[in-house]
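Start at 1 and go down the list; that is how both ligands and their atoms are numbered.
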Amino acid sequence: MAVVETTFIGASVATENAWHNAQQQFDDAAELLGLEPDLRDVLREPKRELSVHFPVKMDNGHVQMFQGYRVQHNLGRGPAKGGIRYHQDVSLDEVRALAMWMTWKCAIADLPFGGAKGGVIVDPHKLSAGELERLTRRFASEISVLIGPEKDIPAPDVNTTPQMMAWIMDTISMAKGYSVPAVVTGKPLSVGGSAGRNAATGRGCMIVGMEACRKLGIEPSRATVAVQGFGNAGSIAAGLMQGKGFTIVAVSDSRGGIQNRAGLDVAAVIAHKQRTGSVVGFPGSEPVSNMALLELPVDVLIPAALESQITASNAGEIKAKLILEAANGPTTPDADAILAKRGITVIPDVVANAGGVTVSYFEWVQDIQSFFWEEDEVNAKLERVMVKAFNTTWDMAKKHNVPVRLGAYLVAVSRVADATRVRGIYP
Ligand code: GLU
């Protein structure tokens with residue numbers, strides 16, 4: 001197993017290679033399904049990988065080169081779908097893993113999409129707004145050979161925003177000579193975004209969390225929650241779970257974490273972060289590191305940051321009964337085995353954070369029809385999809401007496417395999 005050194009949030013942690021982990025998760029499911037060897041070979045590799053080097057004019061007048069990727073893992077069930085992330089640690093292997101996870105996520109939610117992901121190696125906090133716009137437009141232009149409403153539809157991911165999606169939409173539209181809103185999702189409402197999209201990942205996580213708590217006998221009004229990562233997914237999930245009666249006792253972001261056993265007022269923490277740039281220093285809270293947060297004595301743990309945070313080295317110390325993966329790939333396969341042995345339930349990323357891509361699908365449908373829905377309609381449809389995805393996955397896991405992640409993979413891989421089998425191998 002390739003071990004690389006990744007820097008996360010001030011702490012340096014040894015993590016396994018995300019792509020090898022993704023392939024291992026797939027192999028475990030393929031084995032249990034008894035998938036034909038030929039089909040295994042097809043599904044365990046990405047279909048297309050585009051690597052681009054591109055120049056951006058910086059504010060100081062110099063030109064800086066950047067590197068980015070767009071990987072399409074699978075197109076069997078429809079156009080490729082998946083976000084674009086900006087992060088200094090982006091690598092081709094990370095984007096491959098994220099693209100494969102999108103394939104399974106879309107299949108579990110039963111969306112007519114395959115999986116893709118994009119990434120640019122950049123710390124966006126070091127760039128000005130103008131530099132970020134030029135970088136986003138140039139990257140959009142570089143990957144325009146792959147993306148399009150009927151081919152591959154990007155969306156936000158770590159460190160990318162609705163404003164950036166508007167720049168992508170505008171860049172593609174300028175080249176075409178007319179507006180192409182359905183080329184990207186997660187856009188602002190004024191250019192064809194969907195009501196409810198911004199909160200959708202966090203809302204989906206809350207919906208699935210409520211379902212899981214019902215199964216496990218966790219009563220929200222008596223349950224505590226810790227959230228690692230306070231971006232779009234983590235902060236919104238925390239706020240919505242507080243609204244359901246949970247006590248949010250700790251949250252963190254890339255600069256550090258805060259805790260208060262009596263509970264944090266999530267709306268006030270969001271306001272503090274907007275003012276100061278971080279949750280750190282929130283009045284009335286004690287500091288806690290990102291790694292220590294994972295081991296707090298809570299009922300529910302929500303990793304909502306990056307991959308490989310829960311590994312073989314800390315899985316034995318986790319005290320939560322339930323882990324809801326708002327992030328993609330936060331738990332490594334080795335950690336999964338330890339958590340399963342310890343009776344800790346993990347609701348995997350491909351279910352717990354599928355709310356984002358589900359409302360992205362609704363946005364794409366609305367853009368294509370030029371007919372837009374009210375937010376309550378979007379939220380009701382989201383709830384139906386999430387509850388169904390959760391129950392299908394849960395029942396599959398119980399039927400085979402396996403962890404929920406493997407149950408989810410059994411559902412996803414067999415759906416994608418069915419599509420591949422019935423289409424046949426070309427030519
Ligand atoms: N980046 C999100 C995810 O990992 C959303 C992707 C999308 O909406 O296409 O699921």
For atom 2 (C) of ligand 1, which candidate among Pro156, Gly204, Gly356 holds the nearest heavy atom?
Pro156
For Val387, is there any backbone N or O sitting under 3.5 Å from a side-chain donor or acceptor partner on Glu211?
no
Protein contact to atom 9 (O) of ligand 1 [nearest heavy atom, distance to 0.1 Å]
Lys81 NZ, 2.8 Å
Report the part of Lys117 in contact with ligand 1, treating N, CA, C, O as backbone and CB onward as side chain, heavy atoms under 4.0 Å; options are side chain, backbone, both, neither.
side chain
With backbone taken as N, CA, C and O and side chain as the heavy atoms from C-beta onward, which portion of Arg197 lies under 4.0 Å from ligand 1: side chain, backbone, both, or neither?
side chain
If only atom types and distance count, is the side chain of Asn314 paired as donor or acceptor with the main-chain N or O of Glu317 below 3.5 Å?
no
Which bit of Asn328 gets closer than 4.0 Å to ligand 1, counting heavy atoms only: side chain, backbone, both or neither?
side chain
Lys105 heavy atoms, cut-off 4.0 Å: which ligand 1 atoms fall inside?
3 (C), 4 (O), 10 (O)
Sidechain N-carboxylate O distance under 4.0 Å for Arg85, Glu307:
yes
Heteroatom proximity flag, Asn353 to ligand 1, N/O under 3.5 Å
no
Would you find a donor on one side and an acceptor on the other, under 3.5 Å apart, between the side chain of Arg342 and the backbone of Ala315?
yes
Check each of Ile153, Leu111, Asp157 against atom 1 (N) of ligand 1 and report the one with the nearest heavy atom.
Asp157
Look at the side chain of Arg134 and the backbone N and O of Lys57, then say whether any donor-acceptor pair between them is shorter than 3.5 Å.
yes
Is a side-chain N or O of Ser414 found less than 3.5 angstrom from the main chain of Val411, in a donor-acceptor match?
yes
